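A short write-up of the structure that comes next.
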Amino acid sequence: MNNSENSTPLTIGQPEVYKILGELGISFEYREHPPVPTVEEARKYWLDPEVTYCKNLFFRNHKGNRHYLVILEYSRDFNIRELEQQLKQGKISFASEQRLQKYLGLQPGSVSPLGLINDREHHVHVFFDKKLQQAQKLSFHPNDNRASLMIPAAEFWKYMDWTGNTYEFINT
């Protein structure tokens, strides 16, 4: 359901997320839950087997001048060394809380590609697990880990194109 059809008040998350999704005509389902800062905790609240739930990781390169959002199907392992080899920029590491706030406007535990609405300079490059291309629906926080949105995948890719951030699909 989209924002106008949703009978549940959209009280959790950054209001700008709902505004942009509405402007883009992107439908979604909304579900509130207790704060879930990790995938392990979030799994308790996943109800829909048709939804592909994701984990989202935010990295920086060793110079601190490039930032990456890596989005994987929640059960996938991520090999940081393989990404380093692909990028050929040396070591990458998790970005600090300050960098997360600066580039995505988010707090730890609420990392989401919906945070790209706050990256007005399109600084963050996004890597998606290729497996996500087969998903019917994708689930992300609305930039607050006390709620989740389930978005039809085709509509989510429309959002990604709207952001202006570069992205690519990788094998993990």
Side-chain angles (χ1 to χ4, degrees), residues 1-60 67-78 93-120 122-124 126-129 131-132 135-160 162-163 165 167 172:
M1 54 186 97
N2 67 30
N3 197 4
S4 62
E5 298 170 0
N6 193 338
S7 61
T8 305
L10 304 174
T11 59
I12 306 288
Q14 291 180 332
E16 187 76 8
V17 169
Y18 303 115
K19 179 180 180 242
I20 290 168
L21 293 178
E23 288 172 358
L24 295 172
I26 294 176
S27 63
F28 59 88
E29 294 171 49
Y30 171 88
R31 188 168 298 128
E32 288 183 25
H33 46 69
V36 288
T38 66
V39 169
E40 292 75 24
E41 292 178 51
R43 289 181 66 192
K44 298 177 206 172
Y45 304 99
W46 293 345
L47 306 173
D48 190 341
E50 294 179 13
V51 174
T52 300
Y53 296 93
C54 300
K55 64 180 164 185
N56 309 283
L57 308 168
F58 189 55
F59 295 100
R60 58 169 274 202
H67 293 81
Y68 310 101
L69 181 59
V70 177
I71 301 170
L72 311 165
E73 189 271 335
Y74 83 93
S75 67
R76 303 283 291 225
D77 288 327
F78 176 65
S93 60
F94 284 101
S96 67
E97 185 175 332
Q98 293 79 12
R99 288 173 188 270
L100 180 60
Q101 179 64 44
K102 177 179 179 181
Y103 293 106
L104 296 178
L106 302 176
Q107 298 298 314
S110 294
V111 178
S112 167
L114 297 172
L116 294 169
I117 64 170
N118 300 310
D119 182 18
R120 302 205 193 298
H122 315 291
H123 180 80
V124 177
V126 186
F127 292 100
F128 287 99
D129 179 348
K131 185 175 181 178
L132 298 180
Q136 296 301 306
K137 289 182 184 177
L138 297 164
S139 179
F140 303 105
H141 293 308
N143 299 339
D144 185 309
N145 67 8
R146 298 174 296 154
S148 295
L149 303 182
M150 284 62 67
I151 304 171
E155 294 184 36
F156 175 75
W157 301 123
K158 183 167 72 168
Y159 161 78
M160 281 304 301
W162 172 87
T163 68
N165 289 76
Y167 67 92
T172 59

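Just so it is clear, the model here is predicted, and its values are computed rather than measured.
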Open item on the list: Checking R99 against E97 for the side chain to side chain contact (heavy atoms under 4.5 Å, CB included) test, could you report, in this order, the C-alpha distance in whole Å, the side-chain angles of both residues, the deciding distance, and whether it holds?
Closed with: CA-CA 5 Å; R99 288 173 188 270; E97 185 175 332; over 6 Å; no
- [ ] Tell me, with the steps shown, if I71 and V126 meet side chain to side chain contact (heavy atoms under 4.5 Å, CB included).
- [x] CA-CA 8 Å; I71 301 170; V126 186; 3.8 Å; yes
TODO: Apply side chain to side chain contact (heavy atoms under 4.5 Å, CB included) to the pair L116 and Y159, showing each step before the final yes or no.
DONE: CA-CA 10 Å; L116 294 169; Y159 161 78; 3.7 Å; yes
Task: Steps toward side chain to side chain contact (heavy atoms under 4.5 Å, CB included) verdict (D48, K137) - done: CA-CA 10 Å; D48 190 341; K137 289 182 184 177; 4.1 Å; yes
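When all heavy atoms of E155 and I26 are compared, the pair lying nearest together is OE1-CA, 3.0 Å. When all heavy atoms of L57 and V111 are compared, the closest pair comes out as N-CG1, 4.5 Å. Scanning all heavy atoms of the two residues, the minimum distance from S139 to V51 falls at CB-CG1, 3.5 Å. In this structure, C54 and L138 approach most closely via the heavy-atom pair SG-CD2, 4.0 Å. Residues S148 and H141 share a closest heavy-atom pair of OG-ND1, 4.0 Å. Residues P113 and F156 approach most closely at CG-CZ, 3.7 Å, considering heavy atoms.
A donor atom on one side chain and an acceptor atom on the other are not found under 3.5 Å apart for T52 and Q136.
In this structure, P142 and S112 have side chains that are not in contact, with every pair of non-hydrogen atoms separated by 4.5 Å or more. A 4.5 Å side-chain heavy-atom check between V17 and L149 finds at least one atom pair inside the cut-off. When side chains are defined from C-beta on, D119 does not count as touching T163, because their heavy atoms never get closer than 4.5 Å. For the pair L104/N118, no side-chain contact is recorded, criterion being any heavy-atom separation below 4.5 Å from C-beta on. For the pair I117 and Q14, the minimum side-chain heavy-atom distance is below 4.5 Å.
Taking R146 as the reference, D144 meet the salt bridge (Lys or Arg N to Asp or Glu O under 4.0 Å) condition, with sequence neighbours excluded. With sequence neighbours excluded, the residues forming a ring pair (Phe, Tyr, Trp, His ring centres under 6.0 Å) with F127 are Y68, H125, listed by chain and number. Applying the ring pair (Phe, Tyr, Trp, His ring centres under 6.0 Å) rule to Y103 yields the partners H67, H123; only residues at least two apart in sequence or on another chain are considered. Judged as a ring pair (Phe, Tyr, Trp, His ring centres under 6.0 Å), and not counting sequence neighbours, the contacts of F59 are F78, F94. Here E23 pairs with K19 under the salt bridge (Lys or Arg N to Asp or Glu O under 4.0 Å) rule; sequence neighbours left out. Not counting sequence neighbours, the partners of R76 by the salt bridge (Lys or Arg N to Asp or Glu O under 4.0 Å) test are D129.
Atom NZ of residue K102 and atom OG of residue S96 lie 9.5 Å apart, to the nearest 0.5 angstrom. Taking CG of L21 as the start and CD1 of I151 as the end, the distance is 5.5 Å to the nearest 0.5 Å.
Around NZ of K158, the count of heavy atoms belonging to other residues, nucleotides or ligands within 6.0 Å exceeds 12.
A centroid separation of less than 6.0 Å is found between the aromatic rings of W157 and F128. Aromatic rings from Y53 and F140 are positioned such that their centres are separated by 6.0 Å or more.
Side chain of N143 to backbone of L114: a donor-acceptor contact under 3.5 angstrom is found.
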